[in-house]
Amino acid sequence: WSGGTFINCHTTSDVNVQGTGEVGGIVGYYQIKMSATSTMEQCSNLATVTEKNTNSKNGIAGGLVGNISNGLLTINNSFNAGSISSETTGKVQYIGGLVGRTSTRPFTANNVYNVGSVTVSNAGTNVGGLIGNAQGEVTITNAYEHGTVANTNGTGGAIVGIAGGAVTLKNVYKTGSLADKLDGVG
């Protein structure tokens, strides 16, 4: 796929999204050509998103997008208000209020927020209020996180759980509950 635009995509609260591997309120697994670009505009998720993986794959879940594998994706004017959780056992988990895991390519989010809870309880977990695992360069502008972020046995952060590249936050803040058992708070 060589890119495109997601406009006014919405998942309502009466939907329950469940899956194994990569799960998202709008997109579970996002992969396009490395040089391609896409935009997600005015999208929202109110559904409960649950990743339930018992096989050998990592568990990845996000309110809007589970896993961004390749290409450039920019998310604008979008939000998550659904509960995001993972029940994966024995493997690494990447769980975020907006995106579970970003690729090594640059990722940008503008005018976004999460008010849903983001919770996991298994070892080897990366949980974040907006992004669980940022593998590459990330820029987030005009954003907030107000949901509960809880991880009783892993790494996490109020905005980004774990960062593998440069993270730039501009006018970004956290309100609401940050669980007291959250290790590696960022």
Side-chain angles (χ1 to χ4, degrees), residues 1-11 21-45 49 51 57-80 84 86 92-116 118 124-147 149 151 154-174 184-186:
W1 185 46
S2 57
T5 304
F6 300 89
I7 300 174
N8 289 321
C9 301
H10 307 283
T11 308
E22 294 100 0
V23 184
I26 304 293
V27 177
Y29 182 72
Y30 174 85
Q31 181 177 10
I32 61 174
K33 294 177 183 178
M34 288 295 279
S35 61
T37 62
S38 289
T39 304
M40 182 176 282
E41 297 274 352
Q42 299 175 343
C43 294
S44 65
N45 175 58
V49 177
E51 192 285 322
K57 292 181 76 176
N58 294 332
I60 305 171
L64 297 177
V65 181
N67 186 15
I68 301 171
S69 180
N70 287 329
L72 301 172
L73 176 65
T74 299
I75 298 177
N76 296 318
N77 306 311
S78 299
F79 70 92
N80 173 63
I84 313 302
S86 178
V92 175
Q93 298 167 307
Y94 307 106
I95 313 300
L98 296 179
V99 177
R101 181 170 71 175
T102 66
S103 74
T104 56
R105 304 285 293 152
F107 169 78
T108 303
N110 301 296
N111 304 313
V112 296
Y113 65 91
N114 174 53
V115 294
V118 183
T125 302
N126 303 291
V127 62
L130 298 181
I131 300 173
N133 179 291
Q135 293 184 0
E137 180 182 332
V138 170
T139 302
I140 302 173
T141 305
N142 298 329
Y144 68 91
E145 202 297 316
H146 182 71
V149 179
N151 183 4
T155 303
I159 304 300
V160 176
I162 190 166
V167 175
T168 302
L169 304 176
K170 300 175 186 174
N171 194 30
V172 176
Y173 62 96
K174 162 74 176 142
V185 174

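Note that the coordinates shown come from a computational prediction; the quantities given were computed from them, not determined experimentally.
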Give a yes or no on whether the backbone of [Y] and the side-chain of [X] come within a donor-acceptor separation of less than 3.5 Å.
X: Thr39; Y: Thr74; value: no
X: Glu145; Y: Gly147; value: yes
X: Thr102; Y: Gln135; value: yes
X: Glu51; Y: Gly21; value: yes
X: Ser103; Y: Arg105; value: yes
X: Ser78; Y: Cys43; value: yes
X: Asn126; Y: Gly161; value: no

Working to the nearest 0.5 angstrom, can you tell me the gap between [X] [atom1] and [Y] [atom2]?
X: Ile95; Y: Ser86; atom1: CD1; atom2: OG; value: 4.0 Å
X: Leu72; Y: Thr108; atom1: CG; atom2: OG1; value: 8.0 Å
X: Tyr29; Y: Arg101; atom1: OH; atom2: CZ; value: 8.5 Å
X: Ile140; Y: Lys170; atom1: CD1; atom2: NZ; value: 11.5 Å
X: Leu98; Y: Leu130; atom1: CG; atom2: CG; value: 5.0 Å
X: Leu64; Y: Tyr30; atom1: CG; atom2: OH; value: 13.0 Å

Would you please name every residue forming a side-chain contact (heavy atoms from CB on, under 4.5 Å) with Asn171, sequence neighbours left out?
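Partners of Asn171 by the side-chain contact (heavy atoms from CB on, under 4.5 Å) criterion, ordered by chain and then number, come out as Asn142.
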Residues Asn80, Val118; criterion side chain to side chain contact (heavy atoms under 4.5 Å, CB included); working and verdict
CA-CA 10 Å; Asn80 173 63; Val118 183; 5.7 Å; no
Between Asn45 and Ile84, does a side chain to side chain contact (heavy atoms under 4.5 Å, CB included) hold up when you go through it step by step?
CA-CA 10 Å; Asn45 175 58; Ile84 313 302; 4.2 Å; yes
Could I get the full list of ring pair (Phe, Tyr, Trp, His ring centres under 6.0 Å) partners for Tyr173, not counting sequence neighbours?
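For Tyr173 the ring pair (Phe, Tyr, Trp, His ring centres under 6.0 Å) partners, ignoring immediate neighbours, are Tyr144.
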How would you list, by chain and number, every residue that makes a ring pair (Phe, Tyr, Trp, His ring centres under 6.0 Å) with Phe107, sequence neighbours excluded?
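Ring pair (Phe, Tyr, Trp, His ring centres under 6.0 Å) list for Phe107, sorted by chain: empty.
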Shortest non-hydrogen contact from Met40 toward Leu73
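That closest heavy-atom pairing would be N-CD1, 4.2 Å.
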Please tell me if the side chains of Gln93 and Val127 come closer than 4.5 Å, counting only heavy atoms from C-beta onward.
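They are not in side-chain contact.
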Does any non-hydrogen side-chain atom of Ile75 lie less than 4.5 Å from one of Val99?
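Answer yes - side chains close enough.
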